[in-house]
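Structure first, then comments.
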Amino acid sequence: MRTQILPVQLNSPSGRAAIAKAADMIQSGQLVGFPTETVYGLGADALQAAAVARIFAAKGRPADNPLIAHVCSLEMAEPLADFTPLAARLAERYWPGPLTLVLPRRPLVPDIVSAGLPTVALRFPSHAIAKALIETAATPIAAPSANLSGRPSPTLAAHVYEDMADKIPLILDGGPVQIGLESTVVDARGRYPILLRPGQISAEELAELAGDCLYPTAGSVERPAAPGMKYRHYAPSALVYLAADSSEALLIAARLPARPLFLVSVETAAELAASGIAANRLRPLFKRRDLAPYAQGIFAALRAADTEGEQYIVAEKVAERGLGRAIMNRLTKAAAG
Ligand code: AMP
Ligand code: MG
């Protein structure tokens, strides 16, 4: 199958035609790559089990890792799950946006979406193209990140093409995504949110809204919580090491058999350059006071390192609060193994 990439300018006739074509494909059970504000998704009609099965096949995704169903309104979400008072409050505050709610599943949702769990994960994305696609298809769209299982999530249409060429008929190109890390996932079945996967919406913000934010307890993490979190995600082929600062980065580099690529802040890059590291080995991705560009650029940097055949990467750690918790979660997975 040839994969077509269609650039989408929403308020143009060609943009509307691209959305209409993608929506037709979703309705006829095919897969479409599309942008959201977090990362690019690989979508199928969430109500057609056979279409959803194609997602698992295209990604090589383990069958026990459930998908997020994307909606474009509360009205579309309500028949899919039992909304708790907590879920209603979180949806009111954060939807549309990068927050996924895990709730008791209603019978309308096929087993395969939830990987057989009694719950379903729901999100109402804010990206205009994602919203237009779901609205036009007039059905919830099940969509994981549009990467091969185990590869870094795609933040550009070109990344989707790298992983999905000849496996899916269409990719909608909406340019680079805004956030760059996948959504915050919370179990919203109880009184307080349980943070299953950190994202841009932070534990601190959730606690402020809901009175507290809990973490999965050791025994319950893997299956009932967020099964996806147990896999070695976000991994480039290069070996990734994490360094707290420039002196630790230099110590790690000295022990490696080949020159690493440094993914660091502007400040750390200056310190490393001062100690003799060549500028072409340094990728200053952010400033210490502003982590958003690190989140936005980290997956692309990991992919580029693979494309360029890098063997070793030294990435800078950040403090685990706010967005930093989500960045460290992804870095730790990239470095695992
Ligand atoms: P992805 O769409 O690839 O970013 O992955 C979705 C994430 O949400 C994975 O970590 C899943 O395990 C998690 N998830 C999806 N559905 C559920 C669910 N019903 N319960 C808990 N976690 C879920
Ligand atoms: Mg994923």
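In listed order, ligands and their atoms are each counted from 1.
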#### Entry: Any N, O or S atom of S145 closer than 2.8 Å to the Mg ion (ligand 2)
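So S145 does bind the Mg ion (ligand 2) by this criterion.
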I need the atoms of ligand 1 closer than 4.0 Å to a non-hydrogen atom of [X], numbered in the order shown.
{"X": "S145", "answer": "1 (P), 2 (O), 3 (O)"}
{"X": "L117", "answer": "18 (C), 19 (N), 20 (N)"}
{"X": "T119", "answer": "18 (C), 19 (N), 20 (N)"}
{"X": "A121", "answer": "15 (C), 16 (N), 17 (C), 19 (N)"}

#### Entry: salt bridge (charged side-chain N to carboxylate O under 4.0 Å, His left out) contacts in which one or both residues fall within residues 309-321, not counting sequence neighbours
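Qualifying pairs: R281-E310, R288-E316.
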### Task
From atom 6 (C) of ligand 1, work out which of L101, V39, I68, I194 has a heavy atom at the shortest distance.
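Ranked by closest heavy atom to atom 6 (C) of ligand 1, first place is I68.
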Please work out whether any backbone atom (N, CA, C, O) or any side-chain heavy atom from C-beta onward of [X] is under 4.0 Å from ligand 1, and answer side chain, backbone, both or neither.
{"X": "N65", "value": "side chain"}
{"X": "S114", "value": "neither"}
{"X": "R197", "value": "side chain"}
{"X": "V102", "value": "side chain"}

#### Entry: Contact check, R61 vs ligand 1, heavy-atom distance below 4.0 Å
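Yes; R61 lies near enough to ligand 1 that a heavy-atom distance drops under 4.0 Å.
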### Query
Does ligand 1 have an atom that lies less than 4.0 angstrom from a heavy atom of V113?
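Heavy atoms of V113 never come under 4.0 Å of ligand 1.
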### Summary
Tested for side-chain hydrogen bond (donor to acceptor under 3.5 Å, both in side chains) against T38, the lone hit among E182, R123, H127 is R123
### Query
Which of these, H70, Q200, R197, sits in a side-chain hydrogen bond (donor to acceptor under 3.5 Å, both in side chains) with S183?
R197
## Note on the structure
Heavy-atom closest pair (L122 atom, W95 atom, distance to 0.1 Å) is O-CZ2, 3.3 Å
## Note on the structure
All heavy atoms of V39 vs all of L181, minimum pair found to be CG1-C, 4.0 Å
### Query
Got more than 12 heavy atoms from elsewhere within 6.0 Å of CD, E208?
no
### Query
Parallel, tilted or perpendicular for Y294 and F286, by the 30°/60° rule?
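Correct class here is parallel.
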### Query
Looking at D163 and K59, does any basic side-chain N land under 4.0 Å from a carboxylate oxygen?
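Looking at K59 together with D163, the answer is no, because their closest N to O distance does not fall below 4.0 Å.
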